[in-house]
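These numbers come from a predicted model, not from an experiment. Numbering of ligands and ligand atoms starts at 1, following listing order. Both backbone and side-chain heavy atoms feed into the values below; hydrogens, waters and symmetry mates do not.
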Amino acid sequence: MDYHRQTSLKDHNSFKTEALAKIFCQPKSVEELRKSLAGHRDEKKLIVGEGCNIFFTKDFDGLVIHPAIKGLREISDEDEEDEDIFIEVNASENWDEFVAYCVERGFAGLENLSLIPGTVGAAPVQNIGAYGAEVKDVIHEVVAIDMENGEGVSFSNTECEFGYRDSIFKRTGRYCIISVVFHLKRTFIYTPKYFDLNKELEDMENPTIQDVRNAVIRVRQRKLPDEKVLPNAGSFFKNPYITQEQADRIKIDYPELPAFLQKTGLVKTSAAFLIDKAGYKGARTGDIGTYPTQPLIIVNYGARDGNEIVRFMKEIQRTVKDTFNIELEPEVRIF
Ligand code: EPU
């Protein structure tokens, strides 16, 4: 395996920010991955999949690993009668190609997560979610290498410590995911969960799994920018949790504030709404702006320096804080 020095990371983050990796490698097997870790014990390490939820503000002084470990196996395919199906997928498979594979075979559980950019290995890191579904609901096990000692570790669903766009993998940065085992179902019944998607499917009596995938793709393509055309990293901020009192206070001026009461007693509200009402829908400062139809997405019109994104991020955070007294927390990882 080759090690490259001072390698540009521009094509390894969907925001297209420019930064150099001191060392860069692409292991094609678990063996190569182990070797790269063992040979660089004292270096800082960063795993980058397709780089769809990350950008750089400076060079990375260490080893950047871009795994190219592909492959998939159905674990429980002997018994076609079995309602449950387990599939182990290696980390570098493309997420949406895997979703398409499952939908074609009628394996249910991933269809709402259609068209999310990135790799299979990145999905558990930030517990990707859309249209009322989260990947944690179908993850059985995550297999990884502990980068501190090179040993193999396996995490059950609970051990992944999943939260809203969060997991042990995101919090510690210590594990390199090599495969994910999914637990899917052979029977599909559409359960309405999300306004936008229900609306798209309202004329269909019993939508099939393929109908749902197609509807998700249509909604996403209408609303979200394609990162290959206009660099971005999806939702930039997390949707914030606020107290009921805070929500009630904001509703005096903005009765249409989206507010979903959680089991914890907190209220989940919409970052897109707050950014929109703070005057940042379709705003632009220099080469950075928010997307006109979904202000939660920050887009890059041509900047190479990730610090420009950070400046714009802070401008939005400050204005939302001044207007609503709510702190927006980035969902994207900034290096
Ligand atoms: N809204 C506005 N103005 C706008 C657009 C939206 O006020 O211009 C408000 C509306 O009230 C709307 C609400 O924002 O009802 C929610 O918008 P949307 O349905 O687009 O969802 P979101 O909460 O902004 C989340 C995820 C997305 C996921 C969608 C669909 C997060 C951080 N984002 O966005 O995930 O695709 O739901 O399920 O939870 C991602 O994480 O990168 C991502 C794209």
Donor-acceptor pair, R165 side chain versus G129 backbone, under 3.5 Å? yes

Evaluate salt bridge (charged side-chain N to carboxylate O under 4.0 Å, His left out) for E200 paired with R222, printing each intermediate quantity in order. CA-CA 12 Å; E200 193 66 23; R222 262 204 313 267; 2.7 Å; yes

For atom 6 (C) of ligand 1, the protein heavy atom that lies nearest, with its residue and separation: A272 CB, 3.7 Å

Is there a heavy atom of A271 sitting under 4.0 angstrom from any atom of ligand 1? no

Check ligand 1 against L296 and write out every atom of the ligand that is under 4.0 Å from a heavy-atom position of the residue. 24 (O)

Looking only at protein heavy atoms, which one is nearest to atom 11 (O) of ligand 1, and how far off is it? P258 CG, 3.3 Å

One finds that the ligand 1 atoms under 4.0 Å from a non-hydrogen atom of A130 are 36 (O), 38 (O)

Tell me the protein heavy atom at minimum distance from atom 29 (C) of ligand 1, and give that distance in Å. Y194 OH, 4.0 Å

Min heavy-atom dist R165 to ligand 1 below 4.0 Å: yes

Test item: S92 and V120 side chains (from C-beta on) under 4.5 Å apart, heavy atoms: no

Please confirm whether R220 comes under 4.0 Å of ligand 1, counting heavy atoms of the residue only. yes

Need the ligand 1 atom indices (1-based, order shown) with element for anything under 4.0 Å from a heavy-atom of F237. 32 (C)

Ligand 1 contact on E331 by region, counting heavy-atom pairs under 4.0 Å: side chain

Give the residue, atom name and distance (to 0.1 Å) of the protein heavy atom nearest atom 4 (C) of ligand 1. P295 CD, 3.5 Å

Mark yes or no for whether Q317, through its side chain, and L328, through its backbone, hold a donor-acceptor pair below 3.5 Å. yes

Can you see which heavy atom on K44 is nearest to which on F60, and at what distance? O-CE2, 3.7 Å

Protein heavy atom at shortest distance from atom 38 (O) of ligand 1: Y131 N, 2.6 Å

Y301 and L230, any side-chain heavy atoms less than 4.5 Å apart: yes

For F273, atoms of ligand 1 separated by under 4.0 Å from a heavy atom: 2 (C), 7 (O), 9 (C)

Ring centres under 6.0 angstrom apart (F107, F188): no

Ligand 1 atoms in contact with K281 (distance to a heavy atom under 4.0 Å): 4 (C), 8 (O)

Hey, which atoms in ligand 1 end up nearer than 4.0 Å to a heavy atom of D276? 2 (C), 3 (N), 4 (C), 7 (O), 8 (O)

Test item, K223 contacting ligand 1 (heavy atom, 4.0 angstrom): yes

Does the gap between the ring centers of F24 and H12 come in under 6.0 Å? yes

F15/F56 aromatic ring centres below 6.0 Å: no

Against heavy atoms of G234, which atoms of ligand 1 measure under 4.0 Å? 42 (O)

Nearest non-hydrogen protein atom, atom 33 (N) of ligand 1: S235 OG, 2.9 Å

K238 N/O to ligand 1 N/O under 3.5 Å: no

Any sub-3.5 Å donor-acceptor pair from D59's side-chain atoms to L20's backbone N or O? yes

List the closest protein heavy-atom neighbour of atom 23 (O) of ligand 1: residue, atom name, distance to the nearest 0.1 Å. N239 ND2, 2.8 Å

Please find out if less than 6.0 Å separates the ring center of F86 from that of H140. yes

Protein residue, atom and distance nearest to atom 16 (C) of ligand 1, heavy-atom basis: S270 OG, 4.0 Å

Just one of K136, R171, Q126 clears the side-chain hydrogen bond (donor to acceptor under 3.5 Å, both in side chains) bar with D166, so which one? R171

Quick one, P330 and M313 - any side-chain contact, counting heavy atoms below 4.5 Å? yes

Does some non-hydrogen atom of Y164 fall short of 4.0 Å from ligand 1? yes

